[in-house]
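Accompanying notes for the structure given below.
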Amino acid sequence: MAEEKLPTRAEDFAEWYNQIVLKAEMADYAPVRGCMVVRPYGWALWENITAELDKRFKETGHINAAFPILIPMSFFEKEKEHVEGFSPELAVVTHGGGEKLEEPLVVRPTSETIIGYMYSKWIKSWRDLPVLINQWGSVLRWELRTKLFLRTAEFYWQEGHTAHASKEEALEEMYRILDIYADVAINEAAIPVIKGRKSETEKFAGAQITTSIEGMMQDKRALQSATSHYFGQNFSKAFEMQYLDRNNTLQYCETTSWGLSTRMIGAIIMVHGDDKGLILPPRIAPIQVVIVPIYKNGAEKTKVMEVADKVFAELKAAGIRLKLDDREEVTPGFKYNDWEMRGVPLRIEIGPKDVEKGSVALARRDVPGRDGKSFVPQTNLAAAVSGMLTEIQSSLLKRATEFRDANIHDPKDYEELKKVVADGWAFSWWCGSKECEAKVKEDTKATTRNMPLDQPKGEGKCIVCGEKADKKIYFARAY
RNA sequence: CGGGGUGUAGCGCAGUUGGUAGCGCGCUUGCUUUGGGAGCAAGAGGUCCCGGGUUCAAGUCCCGGCACCCCGACCA
């Protein structure tokens, strides 16, 4: 049950976030530091996200499989950058069945290595390609500083791993998946993300190209919400993923990998939530509508519940995910606050006056107070409710998009860049050098987020060093 | 790993000069309530982080350990 008030976002954004996660019963802290329990309500949201992704993966020819959680330590040493990137955060199993193991086993932090090993056994001919496999599961990274959903030691995700005959095909795959991520983020989660390419310093350990979708949270920090990588032949050479082409010549595969995690839930909370709690986008909300009956005595209760049951049946038949909150032990006012904390997009209130007038009261979660309330007839309610859910979905996306656009700046010089990234993003020309990137990070704590795929035409001067630059990139403080 | 802080009921906390443990919320039961977080009454609930020491007596004082939180360095 939700408790009393949250701190406001303005007072303490980090604490606001923590309390929403706990009070909305999305997740809880596990006894092991850095690990979380995803509670049923949080998991229901995750299931709705995964359903949308899985559908799109399958539509584009992918298939699911499962690879083991334990990986021989030696696999990690086969790809130099990969081991350098991941070794500080590996959890290692050294004992099994009471005996010390010959070779330590790594709890997977990501599965490129074990999947590479398996692919090398399965791929022999150009006819075996492409291999388009996705896995749903969890991984473990020994994080020093954790936060529910945003960075936990263990987290849930999907990781797709594909092998192709040509570079073109692999790159196409990387972008196809990035499009799917952006589609789900924008059209399902109502988060206006930016698709782009990561800098050399920010890319995945072992990748040749990393692309990401980046979203702006309400504290104006950036959140990398999913990544899609092109590996070239880095992993195929390390794991000998080779095939004979049409000319009977041995070739290395071109591979990709891509992932979206439970971090997306953190993004949804931080993009849409308000000072009363969560606001969930209707398309993925576990509960889209809650019905709160109101009555004073037995006689009123009978009449009100009759209407409430009828409304429930009608909306259910229309395919709306809903709940009738018939708890006797709490007042309607408590229920309003409770469901607002949980982010249910639309509330229907039914009381004696509604029974009399043949109406119900609708309260939009995204428009607090009186402005969000309207009274509609009980007839054709399913159509009215569906229409309003659609409207809430688009209004959330619109609001988030306007907020993002209002907080992306185009500073005219380095001094101004330093100012804007303190409370927003900068979108600036960048020469591509690590030194300029590092300088910004040192001066401002802002890192490069990505170079959007839709680049403005022409060229400019690097915001840091003034040298010629042909790409614009986002600078922002990030999670 | 460095700097700071905190460990007392499910949660948040109080506990004076050392004297045998308390408040709020939550929970249970009953009655009255219910259009924006209801009221009254009666209950249940404790390894005071762990170990040692001082003392007639330790939540309180001393020593050692552990855990967690915040700030830094590192990160999806």
Side-chain angles (χ1 to χ4, degrees), chain A residues 1-6 12 14-15 18-19 22-23 28-34 84-90 109-110 138-147 149-159 181 198 201-205 207 210-215 222-229 257-267 276-277 292-298 300-301 304 325-341 347-357 359-361 363 368-370 372-373 375 441-442 445 447 449 478-479:
Chain A
M1 194 169 297
E3 288 156 42
E4 306 256 328
K5 290 200 176 72
L6 293 168
D12 188 345
E15 189 52 25
N18 286 338
Q19 290 195 22
L22 297 174
K23 289 180 173 170
D28 202 353
Y29 295 100
V32 176
R33 188 190 134 71
E84 281 172 7
F86 279 102
S87 58
E89 49 186 34
L90 295 180
T110 178
S138 71
V139 289
L140 188 73
R141 299 177 187 177
W142 210 259
E143 296 292 345
L144 297 175
R145 229 174 134 173
T146 61
K147 198 164 174 76
F149 291 120
L150 299 181
R151 175 168 296 104
T152 47
E154 184 188 22
F155 59 89
Y156 300 85
W157 73 345
Q158 55 68 219
E159 47 178 322
Y181 288 153
K198 287 287 196 181
T201 45
E202 295 288 331
K203 74 182 189 187
F204 179 84
T210 288
T211 58
S212 70
I213 53 171
E214 303 278 337
L223 184 73
Q224 176 177 302
S225 306
T227 47
S228 183
H229 315 286
S257 85
W258 26 276
L260 183 149
S261 76
T262 37
R263 181 179 251 194
M264 181 59 84
I265 294 176
K276 306 193 81 164
V292 177
I294 298 151
Y295 46 79
K296 284 195 178 62
N297 52 50
E300 283 186 359
K301 182 184 170 185
V304 165
D325 187 353
D326 57 1
R327 285 178 291 176
E328 300 276 2
E329 67 276 17
V330 290
T331 60
F334 183 93
K335 292 176 184 176
Y336 299 167
N337 287 286
D338 197 25
W339 294 110
E340 281 165 2
M341 180 66 76
R347 178 177 74 239
I348 300 180
E349 302 167 17
I350 304 174
K353 290 178 209 162
D354 298 300
V355 173
E356 233 171 82
K357 289 190 271 187
S359 63
V360 301
R370 195 148 297 174
K373 276 208 192 188
F375 298 88
K441 187 174 178 183
E442 190 170 332
K445 291 184 183 166
T447 51
R449 301 324 306 157
Y479 274 97

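Throughout, protein chains are lettered first and strands after them, A, B, ... in sequence-line order, and every chain is numbered starting at 1.
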Rounded to the Å, how far apart are A:K296 NZ and B:U34 C1'?
-> 8 Å
What is the nucleic acid contact for A:N297, judged by heavy atoms within less than 4.0 Å: base, sugar-phosphate only, or nothing?
-> nothing
Only counting residues at least two apart or in another chain, list the ones meeting side-chain contact (heavy atoms from CB on, under 4.5 Å) with A:K373.
-> A:R347, A:E349, A:A363
Using modelled atom types only, decide if a donor and an acceptor are shared between the side chain of A:E300 and the backbone of A:K296 within a distance under 3.5 Å.
-> yes
Under-3.5 Å donor-acceptor pair between A:R370 side chain and B:G36 base = no
Check whether any side-chain heavy atom of A:K203 sits under 4.5 Å from a side-chain heavy atom of A:T227, and report yes or no.
-> no
Taking C-beta and beyond as the side chain, do A:Q158 and A:W258 meet within less than 4.5 Å on heavy atoms?
-> yes
Complement of B:U55, any strand, by Watson-Crick or G-U distances under 3.5 angstrom | none
Test item: A:K198 side-chain N/O and A:H229 main-chain N/O as donor-acceptor pair under 3.5 Å = no
Heavy atoms under 4.0 Å, any strand shown: does A:K276 hit a base, just sugar-phosphate, or nothing?
-> base
Calculate the interatomic distance between A:I348 atom CD1 and B:G35 atom P; express it in whole Å.
-> 19 Å
Mate of B:C66 across any strand shown (Watson-Crick or G-U wobble, both atom pairs under 3.5 Å) is B:G7
Produce the list of close N/O pairs, under 3.5 Å, pairing protein atoms with atoms of nucleotides 38-41 of chain B; give distances to one decimal.
residue	atom	partner	partner atom	Å
B:A38	OP1	A:T331	OG1	3.4
B:A38	OP2	A:T331	OG1	2.5

For the side chain of A:D338 and the base of B:G37, is some donor closer than 3.5 Å to an acceptor across the two?
-> no
With sequence neighbours excluded, residues passing side-chain contact (heavy atoms from CB on, under 4.5 Å) with A:E89 | A:F86, A:R141, A:W142, A:E143
Any-strand Watson-Crick or G-U partner of B:G72, both distances under 3.5 Å = B:C1
Correct closest heavy-atom pair for A:S212 and A:R449 would be OG-O, 4.4 Å
Okay, side chain of A:N337, backbone of A:F334: is any donor-acceptor separation there less than 3.5 Å?
-> no
Show the distances under 3.5 angstrom between N or O atoms of the protein and N or O atoms of nucleotides 43-45 of chain B.
none

B:C40 - base-pair partner by Watson-Crick or wobble geometry, distances under 3.5 Å = B:G30
Protein-to-nucleotide contact annotation, 5' to 3' order, nucleotides 70-76 of chain B [B base; S sugar-phosphate only; - none; under 4.0 Å, heavy atom] = -SSBBBB
May I ask which nucleotide in the shown strands pairs with B:U17, Watson-Crick or G-U wobble, both distances under 3.5 Å?
-> none
B/S/- along nucleotides 5-10 of chain B (protein heavy atoms under 4.0 Å) is ------
What are the two closest heavy atoms between A:I350 and A:V304, and how far apart are they?
-> O-CG1, 3.4 Å
Under 3.5 Å: donor-acceptor pair, side chain of A:K276, backbone of A:M341 = no
Smallest separation among heavy atoms of A:F204 and A:T210, with atom names = N-OG1, 3.0 Å
Is there a donor N/O on one and an acceptor N/O on the other, under 3.5 Å, for the side chain of A:E340 and the base of B:G36?
-> yes
With heavy atoms under 4.0 Å as the rule, sort A:A226 into base, sugar-phosphate or nothing.
-> nothing
Short question: side chain of A:Y181, backbone of A:G259 - any donor-acceptor pair under 3.5 Å?
-> yes
A:T211 side chain to A:S228 backbone, donor-acceptor under 3.5 Å | yes
